[in-house]
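First the structure, in the form of C-alpha cells, and then the observations on it.
Side chains are part of it too, since the values below use all heavy atoms of this structure and drop only hydrogens, waters and symmetry mates.
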Amino acid sequence: MASPTIQNDAVLSATELNLSFGNDPILDGATLAVYAGEKVGLVGRNGCGKSSFLRIVAGDETADGGNISRKQGLVVGYLPQEFRLDDEASVEDNIRAGAADLIGKIERYETADNLSPTEADRLLVEIEHADGWNLETRIETLMRELAAPPADRLVRHLSGGEKRRVGLCQALVSQPDLIILDEPTNHLDAKAISWLESYLATMPGACLFVTHDRYFLDRIATRIVELAEGRFFSYDGNYSDYLIGKSERQERDQASEKKRQSFLRREISWVRAGVKARGTKQRSRLDNFYAVKGQKAPDQELNMELVIPTPPRLANVVVDLKEVGHFWDRDPLFLGIDIEFKAGECVGVVGPNGVGKTTMLKIILGELEPAAGNVTIGKRTEFNYVDQTRLELDEDNSVMEEVSQGIDSVQFGEETISVRAYLSRFLFSNDRINDRIGNLSGGEKNRVLLAKILKRGGNFLVLDEPTNDLDLQTLRVLEEALINFGGTSLVVSHDRWFLDRVCDRVIVFEGDGIVTINEGNYSYYLEKRRALEATAAAAKVKPAKKKRERNDDDKPRKLKWKEERELEGMEETILGAETEIEEIEAKLNDPEFYIENSELAVGMSADLEAKKAAVKALYERWEELEAVRLAWAAANGES
C-alpha cells in the first residue's frame, strides 16, 4: 500500500481502505481524513475494526487494499492497546524512546561542528517546532501529572496500569503533529484524566483517539467519526452533537427505507400482472424496480438486552460498615469508613489506583477481615461479584461452555430460558457462541463475564471496573439495567458519565487514608468539592484585621474527632433539612391545605422561616469545617 505525502491541510488521509478477517469485512472502502489541529474521536461497536484502523494509520498493520497518505515530515505519537515498551529498560528510558528522533536532532545540532548553515537552520526549526528545548521539563510534567512510576524502575516489574501510563507518556513526549491514542484514559484516575483533557484540548497537534469515556469524548472531540458497516460516518462537534446527529441520520435512513418499501409494494403488483416489458417505458420501469429491490436496507442496530435477574428480597440490614479501617504494612490504607448500604441504591467508588478500593470490596464481601472497625452483613444479603481482572474466565473454553457450566438453562425470576437464548441477549450469534474465550476481544470477554456472573442472581451486586472495554451502546444498556435493578449495587469505576447516571451516593478515596461518603452522583461531589476549595482559598487570603507577629496559633489546625464526625454527617443533615423545607412549602402552596388547616398555616410559615435559617447556618458551619480540613491538609502536603 503506497504512502505518498499530501499537500493540503490534512495531516493524514485514508482512502478506500479494505480489511477482512476471514470472510468478515472489517473495513469496506473506508475513507477518512484528519486535519491539522482537530481532535477526532473514533467510536463504534467492539470488533468493528477501530483498533485495526489505528494500527493501520500508525504503520503497525497493513490493509488489504486502499491508500494511506501522510503529510511530509509528519511526527506521530501512538498509544496502542498492546504495550510496545522495552521490559528491560527503565521507565525514563522508555519515555525518552518516544522522543528519540527529537533527541537525535538536538544532539546533532549541539555537537556537530560541520553542519552547513542551511542544515543547522533546518534542524533548529524542527527542534523549535517540537518545543525541543523544553523536553526535560515536559518529561517531568508528564511523569508527574500522569502518575508514572519512579523513573529508575524497570518496566518488567510494573503492573499493567503502570505500563499503560508509561506508554501514554511515551506517546506524548515528542509533542507530535498527530497523536493516535487507543483507550488513553484506562488506568488513569480522575485527576490525571482531567489533566490529559486540558493537555489534548490545547495542544497544537491533531489527535485521533478511541475511548469509551463519554465525558472525555464530550470535552475533547471537535469531530466524532463512527465506524459502522465497514465505513466511516462523520459528525462535527463533540459526543453530545454526535448523539443528535446519529439520531437524525437514522431517522433519515428509516424514512428512506419506508419510501423504498412503499415503492416496491406498488411496483410488485405491476410486475405480478405479467407485464412482458416489450415497450421502452415498460422495460425502464422494470429495470428501475429491480434496481430499487437490489438496494441494501439500512442495517438495524442490535442492542444488548441486559436484564439482571430479579433479586431476592433484602432485610432491613444490607451491609453496615462502622469505623472500618485497614493498613498496608503499618501505613493506613483508609480509616473510619462509616456507611449503611440501603436496598435499591447504587453506590459508586472512586479514587486513585492503589488507595484501597479493592481492599474495601474484599472486606465488604467478607473475604478479608478489617484491621479496625466492624462489618455487619444482613441475613438475606447475597453477594454477586464481577471481578475486574477476569481471572474467572478459562481461555480454552468456548463461550457456551464458560457460561453454561454444564447447565443448559438459565433461571430469570420465574422464567427459564436456554443458555443460547440468554447469550443472544449479550449479542453473541450462534457462530460466536462456539468460539474460544481466548479468541475474543476485550469487550467480548467482558460481555461473557457479565453473562456468566449475572446469571447467578444475588441481591448485592459488586462491580469492579465493569465499564472497561465495553462499547458505548453496551455501556448505555448496562446503565439502564443497574438503574432498574431492585437490589443494592456497589460500583468501582473511573467512568464519570457512568457514575453520574447510576449512582445515588459516592464513596471517594481522597488519598492518605481519607475516605468521604457523598450524597448524589459524581458530578455533584466534584461541584461541591470545587465550591468548598474556593471557599477555603478565599478564607486563606482574607487580610487580617490587625497586623501582628506570626506564632504557633496561626498554623492550620486539624479537626477534632467530634468535628470530623460532624463534617461527615453534614451533607446528610442538610439534605434532610432541605427535604423538610420542601415538604412544608408544598403544603403551604397547596390551596386545598387551607380549606381544612388554615389555623396551622401561620405556625407552619414561622417554622419554615426557622428551618431556612437553620439550613443557612448549617451551610456556614459546613464551609467553616471544610475550610479548616482543607487548610490543614494543604499545610501537611495532603490533597
Side-chain angles (χ1 to χ4, degrees), residues 304-322 324 326 337-349 357-370 373-394 402-419 422-423 425-426 446-467 477-493 498-499 502-507 517:
M304 189 170 77
E305 185 186 354
L306 179 54
V307 180
I308 301 175
T310 304
R313 187 169 171 270
L314 285 159
N316 291 332
V317 174
V318 180
V319 174
D320 288 355
L321 273 63
K322 300 294 184 186
V324 167
H326 207 71
I337 298 181
D338 228 337
I339 183 172
E340 295 180 4
F341 291 93
K342 303 170 185 174
E345 75 169 347
C346 179
V347 179
V349 182
K357 300 189 299 293
T358 300
T359 299
M360 184 193 71
L361 294 191
K362 291 181 178 179
I363 289 173
I364 290 172
L365 292 165
E367 298 177 1
L368 183 66
E369 284 291 325
N374 298 297
V375 178
T376 304
I377 299 174
K379 293 180 179 179
R380 294 179 180 170
T381 301
E382 299 177 16
F383 291 110
N384 196 341
Y385 178 37
V386 178
D387 183 6
Q388 65 163 322
T389 62
R390 299 194 191 90
L391 293 177
E392 294 186 47
L393 292 181
D394 187 334
E402 189 65 19
V403 174
S404 69
Q405 299 291 295
I407 301 173
D408 295 333
S409 61
V410 178
Q411 191 70 33
F412 257 74
E414 298 180 357
E415 180 186 5
T416 301
I417 61 175
S418 69
V419 173
Y422 175 66
L423 284 170
R425 297 185 176 196
F426 292 81
N446 217 342
R447 296 209 311 266
V448 172
L449 185 65
L450 285 172
K452 179 180 177 181
I453 300 293
L454 293 179
K455 77 183 182 73
R456 298 176 184 170
N459 51 22
F460 195 122
L461 190 58
V462 181
L463 305 175
D464 197 354
E465 295 291 357
T467 63
V477 178
L478 177 58
E479 288 163 358
E480 292 298 327
L482 284 174
I483 290 169
N484 295 317
F485 181 53
T488 301
S489 50
L490 180 64
V491 182
V492 178
S493 181
F498 181 82
L499 290 169
V502 305
C503 290
D504 305 297
R505 287 192 284 172
V506 182
I507 302 173
I517 314 296

Closest contact, heavy atoms only, [X] versus [Y]:
{"X": "Val318", "Y": "Ala343", "answer": "CG2-N, 3.8 Å"}
{"X": "Pro311", "Y": "Gly487", "answer": "CG-N, 3.4 Å"}
{"X": "Gly344", "Y": "Thr488", "answer": "N-OG1, 3.8 Å"}

Point-to-point distance, once rounded to the nearest 0.5 Å, from [atom1] of [X] to [atom2] of [Y]:
{"X": "Asp408", "Y": "Thr416", "atom1": "CG", "atom2": "OG1", "answer": "12.0 Å"}
{"X": "Leu461", "Y": "Asn384", "atom1": "CG", "atom2": "CG", "answer": "5.5 Å"}
{"X": "Ile407", "Y": "Ser418", "atom1": "CD1", "atom2": "OG", "answer": "13.5 Å"}
{"X": "Phe498", "Y": "Glu465", "atom1": "CZ", "atom2": "CD", "answer": "10.0 Å"}
{"X": "Arg380", "Y": "Asn316", "atom1": "CZ", "atom2": "CG", "answer": "8.5 Å"}

Contact between [X] and [Y] at the side-chain level, heavy atoms closer than 4.5 Å - yes or no?
{"X": "Val375", "Y": "Ile364", "result": "no"}
{"X": "Val506", "Y": "Leu499", "result": "no"}
{"X": "Leu463", "Y": "Ser489", "result": "no"}
{"X": "Ile517", "Y": "Asp338", "result": "no"}
{"X": "Asp394", "Y": "Glu402", "result": "yes"}
{"X": "Leu490", "Y": "Leu361", "result": "yes"}
{"X": "Thr381", "Y": "Leu314", "result": "yes"}

- Message: Would you say that more than 12 heavy atoms from the other residues, nucleotides or ligands in this model lie under 6.0 Å from the CD of Glu369, or not?
- Response: no
- Message: Please check if the number of heavy atoms outside Asn374 that lie under 6.0 Å from its CG is greater than 12.
- Response: no
Test of understanding: with salt bridge (Lys or Arg N to Asp or Glu O under 4.0 Å), list the residues that count as partners of [X], not counting sequence neighbours.
{"X": "Glu367", "value": "none"}
{"X": "Lys322", "value": "Glu340"}
{"X": "Glu345", "value": "Arg505"}

- Task: Ignoring hydrogens and angles, tell me if any N or O in the side chain of Asn459 forms a donor-acceptor pair with the backbone of Glu382 under 3.5 Å.
- Result: yes
- Item | For Phe460, ring-ring contact (aromatic ring centres under 6.0 Å, His included) partners two or more places apart | Phe341, Phe383
